[in-house]
Amino acid sequence: MQFGAEELGREVGLSRTQLHRKLKGIIGQTPGELIRSVRMQQAHELLQKNIGTVAEVGYMVGYGNPANFSTSFAKHFGYPPSEVGKQG
């Protein structure tokens, strides 16, 4: 099962709509954007520590498709996940 806005709402005791409104007002992100951001930060840390390949790390943080993970990572950070160890 994927962790999404519904599950996050349940965890904090709010409906999906209430959660969306509150997060957008407080941090300027939707629940989906927040979850994606947390996944990307976790993936970056795992890649820095050489925990696994790009595909393995993608699966670890909840992506079912390595190409989708790489695209999302590059969009989020501005460079592909294969470049993490080379970033200064």
Counterpart residues, side-chain contact (heavy atoms from CB on, under 4.5 Å), relative to Thr30 (two or more places apart):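 Listed in chain order: His20, Lys24, Glu33.
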What residues form a side-chain contact (heavy atoms from CB on, under 4.5 Å) with Ile35, not counting sequence neighbours?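 side-chain contact (heavy atoms from CB on, under 4.5 Å) check on Ile35 returns Phe3, Leu8, Arg39.
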Heavy-atom donor-acceptor pair, Glu83 side chain to Pro80 backbone, under 3.5 Å: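 Checked: no pair found.
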Can you check whether [X] reaches [Y] side chain to side chain, under 4.5 Å on heavy atoms?
{"X": "Pro81", "Y": "Ser70", "value": "yes"}
{"X": "Phe69", "Y": "Met60", "value": "no"}
{"X": "Arg16", "Y": "Pro31", "value": "no"}
{"X": "Phe77", "Y": "Gln41", "value": "yes"}

Which pair of heavy atoms, one from Phe73 and one from Met40, lies closest together, and at what distance?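 In this case the closest contact between Phe73 and Met40 is CA-SD, 3.4 Å.
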Throw together a table of side-chain donor-acceptor distances under 3.5 angstrom for residues 45-56, partners on residues two or more places apart or in other chains.
{"unit_1": "Thr53", "atom_1": "OG1", "unit_2": "Glu56", "atom_2": "N", "d": "3.1"}
{"unit_1": "Thr53", "atom_1": "OG1", "unit_2": "Glu56", "atom_2": "OE1", "d": "3.4"}
{"unit_1": "Glu56", "atom_1": "OE1", "unit_2": "Thr53", "atom_2": "N", "d": "2.8"}

Answer yes if the ring centres of Tyr59 and Tyr63 are under 6.0 angstrom apart, and no otherwise.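 Distance test on ring centres: not under 6.0 Å, no.
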Once rounded to the nearest 0.5 Å, what's the spacing between atom OG1 of Thr71 and atom CG of Asn65?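 Atom-to-atom, Thr71:OG1 and Asn65:CG are 8.0 Å apart.
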Distance check, rounded to the nearest 0.5 Å: Glu11 atom CD versus Glu6 atom CD?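 If we round to the nearest 0.5 Å, Glu11:CD and Glu6:CD are 12.5 Å apart.
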Set out, in order, the CA-CA distance, both residues' side-chain angles and the distance that settles side-chain contact (heavy atoms from CB on, under 4.5 Å) for Val61 and Gln42, then state yes or no. CA-CA 7 Å; Val61 298; Gln42 180 67 27; 3.8 Å; yes
